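This is a predicted model, so every value here is computed, not measured. In what follows, every chain begins at residue 1, and chains take the letters A, B, ... in the order their sequences are listed.
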There are 2 protein chains.
Amino acid sequence: MPHDSRTPIPPARPRRADARRNYDRILAAATAAIAEQGADASLEEIARRAGVGSATLHRHFPSRQRLLEAVFRDKVEALCATAHDLATDPEPGQALVTWLRAVARHASSNRGLAASLIQGAQDGDPALGDTCHDLIVNAGRELLDRACQAGAVRPGISISELLKLVNAISLATEHEPDAADQADRLLDLAVSGVRPA
Amino acid sequence: MPHDSRTPIPPARPRRADARRNYDRILAAATAAIAEQGADASLEEIARRAGVGSATLHRHFPSRQRLLEAVFRDKVEALCATAHDLATDPEPGQALVTWLRAVARHASSNRGLAASLIQGAQDGDPALGDTCHDLIVNAGRELLDRACQAGAVRPGISISELLKLVNAISLATEHEPDAADQADRLLDLAVSGVRPA
DNA sequence: TACGATATGGAGGGCCACCCCGTTTTCGCA
DNA sequence: TGCGAAAACGGGGTGGCCCTCCATATCGTA
């Protein structure tokens, strides 16, 4: 973990009590709104729900992506922890697949997560330090490398590709009523391939 | 083809000359704008470019999805024709994969197409008659059935899933500089599966 | 308590989708 | 050819969104 963890992501320096309070309120409101409406929930409504002015929201989170990063931070860290646990699994190939399924499951039950990860992959904002996207890619790389060395995975596959695929699936199924099922089926399809064994 | 083709999609009845003229102008402007900016291009700007009022655009195309349907109609029909040609290919499995690649290629070179197809899958507007989504699903079904009967494809895979996967890939890679390459690689990954042969 | 640094939020600008309704254009028919 | 009704148009209004400015309020401390 490249950054000196202790506080989450934006804890530049000692902040005033009201600032921290508003930060927390915004985060809570954003979490709720994004769960209901997805990654493109209205920032104004989030501010309204949090009981702050929209300027305050924008001061704490200069971009939508920053807000998403903060909202999903702990979910992503949980996935990284899962990856770490699976890294000693006796069956590296199975471990990788299990983890990819866990990623998809998280994305299905946390609207906006997939969008956030894909988005994070695309703009590679250097001011963001360790983004959720970076964290999860690094966590997954371990699993993929082990699976590859064990011969359980075709060579030439990168972890970025694999995760992009998983997130693409989650994103495309997010609006369906049976999102989790569909995502699961599509992931299975992608992992097993189209042709028969 | 369930609907009595002759005129494109919305030609309810004899329209006045100016109406048809504006319709065509809007379609041309939309095609250009969507190619540049993707499926969420500004409708107002499209109207502006077409030299019509925004009300006129909304009258001809009551929803964004309708506009997308019209813009991509011929591309989709071309894909359906390709499917038809491939339906007599001596290698059904290969034919299916070739066609899926063609779908991905079209999506890469026609920004917004994937979004339109996925969106069309989701709202299943009954007032739309044969949507692009329906057309392409029906065209693909033939290919999948043949491939399945030939034993070239695992059973239990539906054409909807397969196309959703392809479109998800296209959508997720659309904003990357090397979109077509990435889409190709991801599709290959999905078709071949993760495990070694 | 008083002061400077920090944080706030209402107001406003620019953009957008969508609709209302007075005006203009078209076209069939006399 | 000319006319009147039906069809189509589009300016402008409404409300929403994102984002910024800056006058004001709050906090922490000397």
Side-chain angles (χ1 to χ4, degrees), chain A residues 7 9-30 32-34 36-71 112 115-116 119 123 125 127-128, chain B residues 7-30 32-34 36-71 112 115-116 119 123 125 127:
Chain A
T7 32
I9 216 176
R13 272 323 123 75
R15 293 178 303 160
R16 261 168 48 172
D18 52 349
R20 163 158 287 280
R21 180 168 42 80
N22 282 335
Y23 179 92
D24 292 342
R25 281 188 186 170
I26 292 170
L27 205 50
I34 289 171
E36 292 166 20
Q37 307 169 25
D40 48 1
S42 156
L43 298 182
E44 291 229 323
E45 190 192 322
I46 290 173
R48 226 176 294 130
R49 284 202 206 190
V52 304
S54 63
T56 298
L57 185 149
H58 282 96
R59 193 172 321 106
H60 283 294
F61 304 98
S63 69
R64 180 182 294 273
Q65 183 60 25
R66 293 284 197 99
L67 179 56
L68 292 174
E69 295 279 335
V71 165
S116 165
Q119 183 68 15
D123 54 44
D125 185 339
L128 245 57
Chain B
T7 32
I9 215 175
R13 271 324 123 75
R15 293 179 302 161
R16 266 167 46 170
D18 53 347
R20 164 159 284 281
R21 179 167 41 80
N22 282 336
Y23 180 92
D24 292 341
R25 280 189 187 170
I26 293 170
L27 205 49
I34 289 172
E36 291 166 21
Q37 308 169 25
D40 48 0
S42 156
L43 298 182
E44 291 231 322
E45 191 192 321
I46 290 172
R48 227 176 294 130
R49 285 203 205 190
V52 304
S54 63
T56 297
L57 186 150
H58 282 94
R59 195 172 317 108
H60 283 294
F61 303 98
S63 71
R64 179 181 294 273
Q65 182 60 25
R66 293 286 196 98
L67 180 56
L68 291 174
E69 293 279 336
V71 164
S116 166
Q119 181 69 14
D123 52 44
D125 185 339

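A heavy atom lying under 4.0 Å from DNA chain D marks the following residues of residues 41-48 of chain A, by number: A41(A), S42(A), L43(A), E44(A), R48(A).
The distance between atom CD1 of I26(B) and atom P of dA17(C), rounded to the nearest whole Å, is 14 Å. Following rounding to the nearest Å, H58(A) (NE2) and dC17(D) (P) show an atom-to-atom distance of 12 Å. Per the geometry, CZ belonging to R25(A) stands 14 Å off C1' belonging to dA7(C), to the nearest Å. Remark: P of dT25(C) and OH of Y23(B) are 24 Å apart, rounded to the nearest angstrom. Atom CZ in R49(A) sits roughly 20 Å away from atom C1' in dG9(C) (whole-Å rounding). Between the CG atom of L57(B) and the P atom of dC18(C) there is a distance of 10 Å, rounded to whole Å. Separating the CG atom of D40(B) from the C1' atom of dC17(D) is a distance of 14 Å, rounded to the nearest angstrom. At whole-Å resolution of the value, CG in L67(B) and P in dC18(C) are 11 Å apart.
Using a cut-off of 4.0 Å between Lys/Arg side-chain N and Asp/Glu carboxylate O, R49(B) and E44(B) are scored as not salt-bridged.
I34(B) contributes atom CD1, which lies 5.0 Å from atom CG of L68(B) (distance to the nearest 0.5 angstrom).
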- Is there a side-chain contact (heavy atoms from CB on, under 4.5 Å) between H58(A) and L43(A) once you walk through the steps? CA-CA 9 Å; H58(A) 282 96; L43(A) 298 182; 3.9 Å; yes
- Item | side-chain contact (heavy atoms from CB on, under 4.5 Å) assessment of S63(B) paired with R66(B) | CA-CA 5 Å; S63(B) 71; R66(B) 293 286 196 98; 3.2 Å; yes
- Carefully, step by step, assess Y23(B) and R15(B) under the rule side-chain contact (heavy atoms from CB on, under 4.5 Å). CA-CA 10 Å; Y23(B) 180 92; R15(B) 293 179 302 161; 3.5 Å; yes
- Show your working on side-chain contact (heavy atoms from CB on, under 4.5 Å) between L27(B) and F61(B) and close with a plain yes or no. CA-CA 10 Å; L27(B) 205 49; F61(B) 303 98; 4.2 Å; yes
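Distance from the side chain of A17(B) is smallest for dC27(C) among the nucleotides dA17(C), dG10(C), dC27(C).
Taking the side chain as every heavy atom from C-beta outward, L57(A) and N22(A) never approach each other to under 4.5 Å. R25(B) has its side chain within reach of R21(B): a pair of non-hydrogen atoms, C-beta onward, lies under 4.5 Å apart.
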Expected rows: protein N/O vs nucleotides 6-8 of chain D N/O, under 3.5 Å:
residue : atom : partner : partner atom : Å
dA7(D)  : N3   : R16(B)  : NH1          : 2.4

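Distance alone, capped at 3.5 Å, is enough to place a donor-acceptor pair between the R64(A) side chain and the A41(A) backbone.
Nearest-nucleotide mapping onto DNA chain C: of A55(B) and R64(B), the residue sitting toward the 5' end is R64(B). Map G51(A) and S54(B) each onto its nearest nucleotide of DNA chain C; the residue landing nearer the 5' end is G51(A).
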